Amino acid sequence: MARRQKAAESVRRHRRRLALLGTSAVLVLTGALAACSGANSTGSSAATVSGTTAASDGGTLTILDSDTSLTLDPAQSWSLAITTSGLTWRRLTTWKIGPTGTPEVVPDLATSGGTPSEGGRVWTYHLKSGIDFSDGEPITSYDVKYGIERTYATALSGGLNYQKPLIAGTAGYTGPFSGKQLSSIQTPNATTIVFHLNQPYGDWPWVVSTTSLAPVPAGKAPAATFGQHPITSGPYTVQSYTPGVSAVLVRNKYWTAASDPNRTAGPDKIVIELNQDPTVEAQTLIANGPNAQDAFGADFVPPAQLAQVENDQSARSRLVTSPASPLEYLAVNVQSPRLKNLKVREALEYAVNREAVIIASGGTVAAEPATTLITPGIAGRVAYDLYPVGLTGDPAKAKSLLAQAGVQGLTLTLATGNDPISTAIAQAVQEAYKTAGINVVIKSLSSSAYTPLVTGNSAGGYDLAVSSWQPDFPSAMDNIEPLFSSAMIGNGNYNISRLADPTVDALITKAEGTIDATAAGAIWAQADKAILADAAVVPLVYNKNSFLRGSNVQNFYIGEFPAYPVYTAVTLGQ
Amino acid sequence: MSSQPASSTSTVVPPVAAVKPSGAFARLLADHWAMAGAGVAAAFVLLAVFAPLVCRITGSDPYTYDLGALTGSGLPRGAFGGVSATHWLGVEPQTGRDLFAIVAYGARISLLVGIGSTLLATLIGTALGVLAGYSGGLVDTLLSRFTDLTIAFPQLIFMIALGALVPASFPRQFFMIAAIGVFGWPSVARVVRGQTMALRNRSFVVAARVVGAGPRHILCTEILPNLASTITVIATMMVPGAIGTEAALSFLGIGVPPPTPSWGREISSAIAWVAVDPWYLAAPGLALFLVTLALNAFGDGLRDAFDPRLTGKGR
Amino acid sequence: MKITRFLLVKIAGMIAVLLLVSLAVYLIFYLTPADPARTECGRVCTPAELVQVRAFMGLNEPVWRQYLDFLGAIFAGRSYGSGAGAIACPAPCLGYSFQQHQTVLSLIGQTAPVTASIALGAAVLWLVTGVAAGVVSALRRGRALDRAVMATAIVGISVPAYLVGLLGILVFGFKLNILPVSGYVPLTQDPAQWAFHLMLPWCALAFISAAIYARLTRSQMIEALGEDYVRTARAKGLRESRVIGRHALRNVLIPVITLFGLDLGALLGGAVITEKVFSMYGLGALLIGAVATTDISTIAGVTLLAAVFVIVANFLVDLVYKLLDPRV
């Protein structure tokens, strides 16, 4: 069955879904990606990556997806930049993700990644000219502004929304449908757009790359219906969409490859088949029948099928595994009375058995041990280990720390989602802590009960929680701020550790306001260490996601971030 | 009961008080298939009740991981899904948990929910059926409407909706017993009502009324004992359906949550592994099938024993 | 007069039940801890925005008010929010799914044909097969064919439906590669493909129920064959096929059809499981997804629809039963 955190990129931070209940909350825009397999960190054979740098045009690519619905209105999209939304939406900037190398933010509709001024409080972009929507109208700065204004309409709530609290003067603004505009987004002419922010923000170029900031033509995008037949800016446009069944993307005849070096747009047509069962999907791709050869799977290959692939020569060559990236962690509720003592929390850091967690996650093909919060693949990451223990932990040290704290017979409640992998990890943690004399009681909950418990406003009900996180864009900010900023406690936000450390908050604010990426990276690394010094979290493993492609799919690879294939590079063979 | 059609329980009803119990019992004992079914079912009940003791022989339990029994990709080492001296039925992939212990403890859930919900349905159904059949008139009409409406309810759908909302602190087993039992009583009530109405006009009941016996006395001494055989048959035939519904709910993900072992949930996980480890499916799948088959065979035998018209040999 | 009164009473009863069902659904979801407004609000959500979203979805009202709005919307339609950014839901409005960005009615319109195809096709298959097997078994009572059919039947009722389906996929889909393992093709698009994709689901769902109806038909048939009117018909010299076809079968079919009416609720349940097994997006899949995301509107709409279907179908079966058997 599907692993938690399935292909719904939107649930990077969400708990493992009930595999069986078909998590339809995932609003993933899967894109068609044709890619050669290979290009993992283990450097698989060059033969799979080589050969098709020139786009092979044509063919119909099929993407098998377990989601039951897609969000085709950019204002409500949770999608990553290089999956489905990368096929239909261009933004001022986008991501450059190759088979190797650190991800970069690169210009897409704009001529540069953005020009900061006033210390990073104001950002200016100039648009390239000659780029049109799928209805033939040119894309102007007014359209970019309109697209952003739409995200403030309550009817279009949802989506990533990073820009909403950052843009200045938006208090009480409810969108452009009543005719009101935002004065903090200036458009002096059709090719210039200037953003005035509430604070200096170094990651604005990344924020601008998220789907919500895609241009939308004013007056042609009513809230209720634009998501059925959107007017797109990317290489593809939507021919049809039937919830629960499929979406069909066809070429946007106004898109030109010359204006868009970041997208290959190989296939003529892309069909996204929805409501697939992840196990059946993986088995279909392993079998590689005539219907599967031009297809790839948008979902992680479940552990059972990973075992099946091991024994299948052909399938092994068509399996792509990401480098270790999303973080699986144990949140330590620092506001729990049992965990107020730092030494007790440090004991938790020393007693954990990462080997058992790796096996629970599916083995070394699926996970690697984690010791930092900023995940591999994020620029500026510093690898360190504040609590060096072997792979199996150091229960003796944990016991001595507990003795120093004068704590005996400690019992803790561990909350987890009730999908198989989260439960397995919780049990691995339970067993490890037992050897250190800590009694762990597991509270296994469905996702609709787990989320309100850990993200709600009450600090009671759990001491520890198993959780996972992948940033929405490759910035250290998104590894740290949503999980450890004191402003993110409760109200449905994800500071499950409920850490309210002024030092950490100050580092976060400073890093966010630092425009120079290298300098910002160093401050984020400091924040990372400070949080671990607080022992507010036990990093467990970095996950590796595996995907399968049919034999005719080429240029299918996964970069260092995100742990998903790059849909915009996929092509089909002849 | 929701996934098993009502027709499975509303088959021919044995006539009331027309059969001497001793004759029926003899017929039952002579029915080989029914006795075999009873034996198998009893064996599973014993296994469920004594699960901790039995598992102590191998020193295993359904919760503890045994990663040493697995290969690097999470598959069981050894033939037949990892069968060994400590793991009589092999191990679960990815965790190494003992499948025999899972089957034994899973039997607890299946039998507890199956028998518990049947008891609940029988209690409610008998009470309401007798009330409707004996009272007649307006009470009967109202209760019959109510019965019809409960039957008409989209049961599985409502159970799915309810299952997601019941708070996690409420033990799932009791929720399932309540849900399956509450949707199962109409089949019992209908039959009991019919029987009660027929009994009400029998001479010995009329005589008791003439003599001045109150309704409670009549119900307890005249009517209920004569319903006993009917109720027993119906209840026995309901149990396998209830067990099946519990397994179906677990399959859909709304049964008992992990790590509590449950046959339905194990089966749904095991299906994904069939290509590489079919033995993982065999253990809980066969267990569920055997228990259901055994109880069906026994139920058939019981029904036939109380109704000689049907036993022309061959069932 | 009598018929009118009968109809009126029945219809009043049906409406009462529907109201109860819908009220129960609303009450239950009021108790859930999950907050659909927070999910809808987005990844980054300020408290002020959360208040706006909650008001937009109508979740800030007391539950009785929400329920009345829901009922009213069925007749008069409703709109969420106001002004240019409002979302309209025209009558009959069963609610609006914020997760799927569509009205519940349109979602139901897309998914109901799938469930209907699965359920009705399987029902026809199991009735025909089950009754035929039961009749044959009764006629050859005690002989090898009877034993074989009844043995198969008892195995059939002991196997869980989903297991039959999953094994069917493995054997016929992957190993033998003769039947498709998933996907639904609309009848209007391609009738041949529609039936082809439904073969496995129909057989899986029908297998168990055919077993039940075979057993039932057999016992009813045996009883009917022992009745006086059959002996009389035989004594009159009627052909055996006439005796069975015209007389015995008629009286066997009445209880069978009556019980089929009772089974309509189970039929829907069986279709739900089948949809999951075969990855078809019908009402069951819609409901399961809505439950996972606490999409109250969709849950209420689908549950209500299911109740309507079962109640109306039962009513029709009752009518047919009364027509067939004037004694009642």
Side-chain angles (χ1 to χ4, degrees), chain B residues 1-8 10-12 33 145 148-149 151-167 183 186-187 240-241 244-245 247-248 251-254 264 267-268 271 274-275 281 285 288-297 300 309-310 312-315, chain C residues 13 17 21 24-25 28-29 31-33 141-143 146-147 150 154-155 157-163 166 170 174 208-209 212-213 215-216 219-220 222-223 226 256 259-260 262-270 272-273 276 283-284 287-288 291-292 294 299 302-303 306-307 309-311 314:
Chain B
M1 288 146 202
S2 72
S3 56
Q4 301 286 342
S7 47
S8 64
S10 306
T11 47
V12 174
W33 289 112
R145 293 280 98 235
D148 288 344
L149 295 175
I151 291 180
F153 221 75
Q155 302 165 6
L156 189 65
I157 288 175
F158 218 73
M159 281 196 232
I160 293 173
L162 274 175
L165 298 169
V166 165
F183 283 118
S187 338
T245 306
F251 169 72
L252 289 173
I254 50 183
I267 290 174
S268 79
I271 281 287
V274 160
L281 176 63
L288 181 65
F289 174 64
L290 283 174
V291 165
T292 317
L293 184 63
L295 285 168
N296 276 320
D300 276 1
R309 286 183 301 168
L310 284 185
K313 261 316 93 206
R315 267 183 293 135
Chain C
V17 170
V21 169
V25 169
I28 285 163
F29 280 89
L31 298 170
T32 174
R141 175 172 157 181
R143 303 224 275 268
D146 178 28
R147 285 178 197 273
M150 284 299 113
I154 201 171
V155 166
I157 65 172
S158 306
V159 173
Y162 53 91
L163 203 51
L166 289 164
L170 276 167
F174 285 112
I208 289 132
S209 299
I212 294 168
Y213 279 82
R215 285 156 50 96
L216 171 70
S219 63
Q220 293 288 352
I222 288 173
E223 190 178 333
V256 167
L259 288 162
F260 179 67
L262 293 178
D263 279 341
L264 288 168
L267 174 57
L268 217 53
V272 165
I273 295 179
K276 166 130 190 63
L283 289 173
L287 179 71
I288 291 177
V291 165
T294 326
I299 296 170
V302 172
T303 313
F309 165 70
V310 173
I311 287 167
N314 264 282

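A note on names: the letters A, B, ... follow the listed sequences, proteins ahead of strands, and every chain is numbered from 1. For clarity, every value in this text was computed on a predicted model and none was experimentally measured.
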Task: C:Phe174 vs B:Val274, side chain to side chain contact (heavy atoms under 4.5 Å, CB included): CA-CA, chis, key distance, verdict - done: CA-CA 12 Å; C:Phe174 285 112; B:Val274 160; over 6 Å; no
TODO: Answer yes or no: is there a side-chain heavy-atom contact under 4.5 Å between C:Leu163 and B:Ile271?
DONE: yes
Task: chain B contact via C:Val256 - side chain, backbone, both or neither, heavy atoms under 4.5 Å - done: neither
Open item on the list: A side-chain contact here means heavy atoms from C-beta on lying under 4.5 Å apart; do B:Ile267 and C:Tyr162 qualify?
Closed with: yes
TODO: Identify which part of B:Leu290 has an atom lying under 4.5 Å from any heavy atom of chain C, answering side chain, backbone, both or neither.
DONE: neither
Task: Non-hydrogen atoms of B:Phe251 and C:Leu166 that approach each other most closely - done: CE1-CD1, 3.9 Å
TODO: Please round to the nearest 0.5 Å and tell me the distance separating atom CG of B:Asp300 and atom CD1 of C:Ile157.
DONE: 6.5 Å
